[in-house]
Amino acid sequence: MNKTAKRGADSKVKVILPGSTIGILGGGQLGRMMAHAGSAMGYRFVTLDPTADAPCGQVAEQIVADYDNREAARELAKRADVITYEFENVDADVAAMLMKESYVPQGSELLYTTQHRLREKRAIEAAGVQVAPYSEIRSADELRSAVARFGLPCVLKTATGGYDGKGQWVIRSEAEIDEAFETLSRARTELVLERFIRFDKELSVIAARNPQGEIRTFPASENVHVENILHLSIVPARIEESVQSEARRLAARIAEGLGVVGLVAVELFLTAEGELFVNELAPRPHNSGHYTMEACRTSQFEQHVRAICGLPLGDTSLLTPVVMVNVLGEHVEPLLERMAEADQAAQRLEVAPKVHMYGKHEAKDKRKMGHVNVLAADVDTALDWISETNIWRV
Ligand code: AMP
C-alpha cells in the first residue's frame, strides 16, 4: 500500500553502486549512523564539518571547514560521487553550487521548503494533508486579531531557526500578546500563529522515496518529549490500527507530493477524537527513527543510503517491540556507572538494551550524546527497564 512504483519516471536517475563515495554535509550523529550503515553496504564516506573529530569524522574522512566555505564544499563535491546532508539549515548558495557541480539527488527544493514554517505548511496542505490552523503574523495588531479567531491558548512561532521548542511562545492570556510579539520579532524572521492542539499523543512517521518514485514508510513512533527534547520513542505506538495506517498514508502522501528523495520525517499530533495534524517535517534521518536500527528489517540510515543511491528501498517491517530512550549529557555518568546493574535488570526482564554513543567530547546538559534501543517482548517491559535503571529520572 505504501509502495508506488513509477520506475523510469525520471530518466536522469543515477544508480550509485557500493564502492562509491558518499559526501555528507554535516558531521553529527546522523551522519555517523548513516556512515555506519552505508559502510556495511560497501560505500565510502567523506563529511564536511567545522569541528575536527566530529562524530561522523571519527568513522569517515572529514574536511574541517565552515558550512558556508565554498572552496571546502567544492572539495567535498570533488571527492564524492553523490552528496547528501544531515541537517536542514544548509546555506542556499552552497546548495546551489553543489547542485551545479555535483550529484545531489535530494535537490535543494525540499531544503528550501522545510527551512521555513510557512512554506512548509503550504507545501503540506498542497499535498492534501492537514496542519494545525495557522496564520502569518506581521504586526502586534494582526496577532491580536488572530488570537481572537483561534482562542487561547495558542502558539506563536518564528518561521525559521527554531528547534527543540526554541523560537516559540505559548500565549495563554491576552496580557502576553505584546511581549510575545516583541520577543519573537527579535529573531528577524516571519512569525506564524498556530491553534493550540490538545493532542493525546505525538507521533512521527519516516517515509523514504527514491528517485525512481518508490515510497516506503516505517511504523509510526509514539514520541514522549521532556522539556521539548525527545525522551522516548515507543514502537509499536499505542494507537488504533486505523490511526497507524492513516499516519503512514499521510507520510507517504507528503513524500510523493513534495517529491522527496531520501527521507522525510513527519511529526504529527493525534487528538482524542482520532484526528491527525502534521506539526512539522525534517528532510533527513530523525531522532524518532533511531529505533529502526535494531527493530526493523531495514534501518532509517540504510534506507536513506538506498534512496539517494537509487537502489530499491528495503523492507521496513518491525522485528520486535522497542523503546528508544535518548542519552543526554546529564545521563551519561549514571549510564556508565550503572551499566552492570542495568545489564542484570535487562537479563531479569529479558530485554536487550542496545547502547549507541555518538563519540561527542563534551557531555553538556541536554546535549544528545547517544541513545539506547530497548528491545523487548512488549513496550511495557522495555519501559519497566528504563524506570528500574534509575538513569532517566524525570
Ligand atoms: P515544534 O518546534 O514545532 O516541534 O514544537 C515543539 C513542541 O511544542 C511540540 O513537540 C509540541 O509538544 C508543542 N507544540 C508545538 N506546536 C503546537 C501546537 N500547535 N499545539 C500544541 N502543542 C504544540
Side-chain angles (χ1 to χ4, degrees), residues 30 87-89 113-125 129-137 143 146-173 176-177 180-181 183-184 186-187 189-206 220-235 237-239 247 250-251 254 263-291 324-326 328 366 368 394:
L30 300 177
F87 64 102
E88 51 264 60
N89 289 317
T113 304
T114 53
Q115 279 169 358
H116 193 284
R117 283 190 194 275
L118 282 165
R119 289 200 288 264
E120 181 175 285
K121 286 177 193 301
R122 287 174 192 135
I124 295 166
E125 288 179 310
V129 177
Q130 168 168 268
V131 296
Y134 67 96
S135 183
E136 183 177 353
I137 302 296
L143 179 57
V147 168
R149 260 183 292 131
F150 291 156
L152 289 169
C154 46
V155 193
L156 187 65
K157 297 182 181 178
T158 55
T160 60
Y163 66 96
D164 287 346
K166 295 186 178 73
Q168 55 179 278
W169 185 305
V170 179
I171 303 177
R172 299 191 183 277
S173 76
E176 290 175 42
I177 291 179
F181 181 77
T183 307
L184 292 199
R186 281 186 214 129
T189 164
E190 286 101 325
L191 299 180
V192 47
L193 186 74
E194 291 175 18
R195 174 173 292 166
F196 192 87
I197 304 295
R198 291 184 198 282
F199 56 80
D200 220 28
K201 285 192 159 61
E202 288 189 84
L203 307 175
S204 57
V205 174
I206 292 166
S221 152
E222 174 184 341
N223 301 322
V224 178
H225 295 87
V226 173
E227 291 176 35
N228 280 314
I229 300 173
L230 183 65
H231 173 46
L232 303 174
S233 290
I234 301 169
V235 185
R238 294 163 299 180
I239 53 177
L250 297 180
I254 287 172
L263 301 184
V264 64
V266 180
E267 293 183 28
L268 303 129
F269 297 137
L270 170 67
T271 67
E273 293 74 41
E275 228 182 334
L276 286 166
F277 296 94
V278 172
N279 175 29
E280 60 179 7
L281 308 180
R284 52 169 170 78
H286 195 255
N287 194 169
S288 68
H290 292 354
Y291 81 85
M324 189 278 329
V325 55
N326 265 334
L328 304 184
K366 307 290 168 229
K368 289 177 182 169
V394 288

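We count ligands from 1, going down the list as the structure has it; atoms in each ligand are counted the same way. Just so it is clear, the model here is predicted, and its values are computed rather than measured. Just so you know, these numbers use all the heavy atoms, side chains as well, and skip hydrogens, waters and symmetry mates. One is the number of the first residue; the rest follow in order along the sequence.
Checked options I171, L143, L193; the residue passing with F181 is L143 (criterion: side chain to side chain contact (heavy atoms under 4.5 Å, CB included)).
Minimum heavy-atom separation, F269 to F199: CD2-CD2, 3.5 Å. The minimum heavy-atom distance linking Q115 with R119 is given by the pair CB-NH2, 4.4 Å. For the pair K368 and N287, the tightest heavy-atom approach, listed with the atom from each and the gap, is NZ-OD1, 3.0 Å.
Listed by first then second residue, pairs satisfying salt bridge (charged side-chain N to carboxylate O under 4.0 Å, His left out) with a partner in residues 189-199 read K121-E194, K157-E194, not counting sequence neighbours. For residues 267-289, the pairs satisfying salt bridge (charged side-chain N to carboxylate O under 4.0 Å, His left out) are E88-R284, R117-E280, with sequence neighbours left out.
Residue contacts with ligand 1, taken as heavy atom pairs separated by less than 4.0 Å, involve R117 solely via side-chain atoms from C-beta onward. Neither the backbone nor the side chain of V170 has any atom closer than 4.0 Å to an atom of ligand 1 (non-hydrogen atoms only). Contact annotation for K157 and ligand 1: only side-chain heavy atoms (C-beta onward) come within less than 4.0 Å of the ligand.
For a threshold of 3.5 Å applied to N or O pairs, the pair formed by I197 and ligand 1 contains at least one separation below that value.
Atom 4 (O) of ligand 1 has E280 OE2, 2.8 Å as its closest protein atom, hydrogens excluded (heavy atom only).
The distance from ligand 1 to the heavy atoms of N279 drops below 4.0 Å at these ligand atoms: 1 (P), 3 (O), 4 (O), 5 (O). Numbered from 1 in the order shown, with element, the atoms of ligand 1 that lie under 4.0 Å from a heavy atom of N228 read 6 (C), 7 (C), 8 (O). Short contacts between ligand 1 and V155, defined as distances under 4.0 Å to a heavy atom of the residue, involve ligand atoms 17 (C), 18 (C), 19 (N).
A donor-acceptor pair shorter than 3.5 Å cannot be found between the side chains of D200 and T271.
Of the candidates Y134, F196, F269, F269 brings a heavy atom nearest to atom 23 (C) of ligand 1. Selection from K166, Q168, R195, E202 by nearest heavy atom to atom 11 (C) of ligand 1 gives E202.
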